[in-house]
Protein chains: 2
Amino acid sequence: MSVTLTDVAQRCGLSASTVSRALSDPDKVSAATRERVQRAAREMGYIPNRVARSLSMGRTGTIGLIVPDIANPFFPPIIKAVQQRCAGKDLSVLLADTNEHSADELDRARTMSKQVDGLIMVSPRSPDRRVGEIAALGPTVFVNRHVPEAPSVLIESPDGMRQAVEHLTALGHRRIAYLAGPRRSWSNQQRRTAVAAACAERDAELVEFGPFEPQVQAGVRAADLLHGTGITAVIAYDDLIALGVMARMSERGLRIGVDVSVVGIDDSPLSGVAYPTLTSIHVPCAEAGTAAVDLLLDVLDEVTAEDDPAPLVELETHLVIRGSTGSAPTG
Amino acid sequence: MSVTLTDVAQRCGLSASTVSRALSDPDKVSAATRERVQRAAREMGYIPNRVARSLSMGRTGTIGLIVPDIANPFFPPIIKAVQQRCAGKDLSVLLADTNEHSADELDRARTMSKQVDGLIMVSPRSPDRRVGEIAALGPTVFVNRHVPEAPSVLIESPDGMRQAVEHLTALGHRRIAYLAGPRRSWSNQQRRTAVAAACAERDAELVEFGPFEPQVQAGVRAADLLHGTGITAVIAYDDLIALGVMARMSERGLRIGVDVSVVGIDDSPLSGVAYPTLTSIHVPCAEAGTAAVDLLLDVLDEVTAEDDPAPLVELETHLVIRGSTGSAPTG
DNA sequence: TGCAATACCGCAACCGATTGCAGCAGGAAA
DNA sequence: TTTCCTGCTGCAATCGGTTGCGGTATTGCA
């Protein structure tokens with residue numbers, strides 16, 4: 001049904017090998033042959049079968065990308081960046097969404113492993129041991145989680161977190177809440193310790209709530225917990241939770257940015273359109289995606305020697321101040 | 001390096017064929033053998049090579065998904081739904097983003113074609129001829145575009161559009177702007193004609209602007225065009241444009257929902273957190289994704305006979321009224 | 001003109017699984 | 001005891017490319 005290499009070869013009166021070379025390694029054949037083959041291939045509408053090629057070459061030209069939740073606005077920019085970077089290098093992207101279900105991560109990684117040249121795991125929720133198993137399946141890059149034995153792209157929350165706390169304390173806030181993300185989440189742990197350190201340094205009192213799922217509804221729930229605690233400022237694990245908090249508090253008559261200040265993390269497009277606009281810690285998602293692909297390609301091309309220490313890319317975050325933060329209410 | 005079927009076979013003192021059958025068609029071998037093979041496979045950590053399987057079976061167990069822009073909040077829910085549906089059927093998803101570049105669609109489809117069992121094209125921007133070429137590459141389902149010769153999942157804007165216009169005219173608006181999306185976009189054409197029809201029916205005046213890219217910035221630009229036109233209500237091609245309009249107008253001191261009403265389309269999560277919350281036409285993205293996969297599987301399993309008319313799934317839309325629309329300003 | 005070097009091309013094995021067909025052994029029936 | 005059948009397993013071809021190796025024709029140089 002579909003045109004194969006052999007078909008093209010027959011049409012040209014050549015062998016499949018020659019046609020293969022003419023198409024993928026043009027210098028190996030004479031100019032005349034090359035010309036003839038390429039014309040025939042074009043005319044016949046030949047499309048190389050990547051599956052067959054993969055099998056014989058041992059390289060699939062595909063990378064796997066596993067994320068917890070495509071619908072969370074934090075991930076699309078990463079996915080997009082990975083995609084774009086790959087497209088430029090003639091790579092395809094196999095995407096999987098684990099639905100925030102950590103147990104699925106290993107399964108997905110396993111079924112993918114023989115189908116891809118490498119894997120990019122974003123914000124894996126699995127416990128360390130299972131993450132190790134994933135890494136053992138093949139070349140793997142982790143984003144938003146530090147895995148000592150594998151290349152990782154990290155998002156350095158501490159800077160942004162410190163900026164956020166400085167910003168809030170400068171505005172007079174003394175009691176600050178941190179709304180924690182999923183317990184397993186590496187980035188949550190990062191953020192927790194960072195905010196704790198920053199608060200200690202600034203002599204502000206930190207109260208932690210959670211864990212919460214990274215969803216608007218969780219933020220709505222969180223808002224009610226804050227009631228009557230004397231807290232004047234909130235830092236949420238991510239923008240979704242922050243938005244939920246804002247929505248619920250507004251509903252209850254609190255003025256965001258006046259009666260209470262809210263800080264999100266991710267600086268997703270949402271933060272610019274919310275009301276009031278959300279002060280958020282900017283996370284360079286696109287850069288993270290791009291860096292992950294580059295790291296993976298380094299491993300695949302063996303730029304990274306086997307026994308080198310696993311490379312680490314650390315990306316900075318910074319606070320973007322918008323309307324949701326303001327002076328602490330007096331009295 | 002990695003354990004193959006043959007390795008398992010040797011360990012068991014069997015042939016590869018038997019092992020293959022024991023694993024994928026257990027009834028074909030004796031109970032004892034089945035047991036022995038399965039245990040060995042488990043112990044050795046055997047993971048079947050899907051690439052090899054694809055080659056010999058002629059089925060890859062993968063479907064391709066091509067979208068214009070992953071970062072546009074309209075698409076992630078679709079991608080997610082497709083993903084979820086596929087995961088349940090042991091299918092993988094190959095994702096490509098054309099960056100709103102219609103010329104890339106055919107390219108991507110072509111390179112994917114030999115690597116997937118079928119293709120789902122969401123909102124293709126290509127001209128009809130090229131869309132036809134894509135469909136000719138293999139089983140293809142189109143979402144958000146009607147392609148007569150191929151299965152399609154359509155989102156019926158007319159209902160939602162009519163509801164929107166009725167809503168606005170009931171509120172007293174007589175001059176309504178439509179901010180058009182990409183010229184090539186099938187859904188834009190749908191929406192244009194739907195809104196025009198609804199306005200004619202309701203005797204409201206319709207003024208069209210655009211085309212605009214489906215991005216917030218385009219909405220910001222659009223807002224300024226509306227100035228001094230006497231328009232009191234705006235229906236935008238999508239939520240992003242609507243949000244841009246709102247943001248810019250608020251900035252210029254207009255009160256959204258009072259001085260001017262804004263309606264978006266997609267009902268993305270954004271609309272709930274914007275200020276004011278955005279009245280939007282709800283589009284069942286998840287259902288569209290799921291339906292697309294089902295349609296594709298029907299074709300692949302030949303539930304759909306070759307010469308049947310191409311199946312069509314039509315999904316309804318409806319207006320969700322929020323804070324961005326209100327009575328037309330008097331005078 | 002002769003010989004060696006070189007440029008091209010084809011043969012065949014291979015990647016890892018699937019599957020039609022044939023062979024073998026064991027049990028059942030006569 | 002013989003025969004036939006059935007159930008299980010192995011052989012070998014196949015999917016569509018890639019690639020090392022060897023052969024042939026051509027070229028270059030003396």
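All values reported here derive from a predicted model rather than from experimental measurement. Per chain, numbering begins at 1; letters A, B, ... match sequence-line order.
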With a non-hydrogen cut-off below 4.0 angstrom, is [X] in contact with a base, only sugar-phosphate, or nothing?
X     : result
B/K28 : base
A/R21 : base
B/T4  : sugar-phosphate

For B/M57 and for B/V29, locate the closest nucleotide of DNA chain D by heavy-atom distance; then report the residue assigned to the nucleotide nearer the 5' terminus.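 The residue whose closest nucleotide sits nearer the 5' end is B/V29.
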
Here's a test of your reading of the structure: between A/A52 and B/G13, which maps to the more 5' nucleotide of DNA chain D?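 Its nearest nucleotide being more 5', the pick is B/G13.
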
4.5 Å side-chain heavy-atom contact, B/K80 and A/N99: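 Side chain of B/K80 against side chain of A/N99, heavy atoms only: contact under 4.5 Å found.
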
Nucleotide [N], atom [atom2] - distance to [atom1] of [X] in whole Å:
X     : N      : atom1 : atom2 : value
A/L23 : D/dT19 : CG    : P     : 13 Å
A/R36 : C/dC8  : CZ    : P     : 14 Å
A/L55 : C/dC15 : CG    : C1'   : 4 Å
A/D25 : D/dG20 : CG    : C1'   : 14 Å
B/L5  : D/dC15 : CG    : P     : 19 Å
B/I47 : C/dG16 : CD1   : C1'   : 14 Å
B/L14 : D/dC8  : CG    : P     : 14 Å
A/R53 : D/dC15 : CZ    : P     : 19 Å

According to a strict under-4.0 Å criterion, is [X] in side-chain N/O contact with OP1 or OP2 of [N]?
X     : N      : answer
A/T18 : C/dG10 : yes
A/S56 : C/dC14 : no
A/S30 : C/dC9  : yes
B/S15 : D/dG10 : yes

How do A/S17 and A/A31 order along DNA chain C: which one's closest nucleotide is nearer the 5' end?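 Nearest nucleotide further toward 5': that of A/A31.
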
Ion pair present between B/R39 and B/E35, side-chain N to carboxylate O less than 4.0 angstrom?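 Result for this pair is no, no salt bridge flagged.
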
Is B/D128 salt-bridged to B/R145, going by a charged N under 4.0 Å from an acidic O?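 Yes, B/D128 and B/R145 are salt-bridged.
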
Is the backbone N or O of B/A16 less than 3.5 Å from a side-chain atom of B/S20, with the two atoms forming a donor-acceptor pair by type?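 Side chain of B/S20 to backbone of B/A16: no pair is present.
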
Which heavy-atom pair separates B/R108 from B/T98 by the least distance, and what is that distance?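 Minimum heavy-atom separation between B/R108 and B/T98: CG-CG2, 4.5 Å.
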
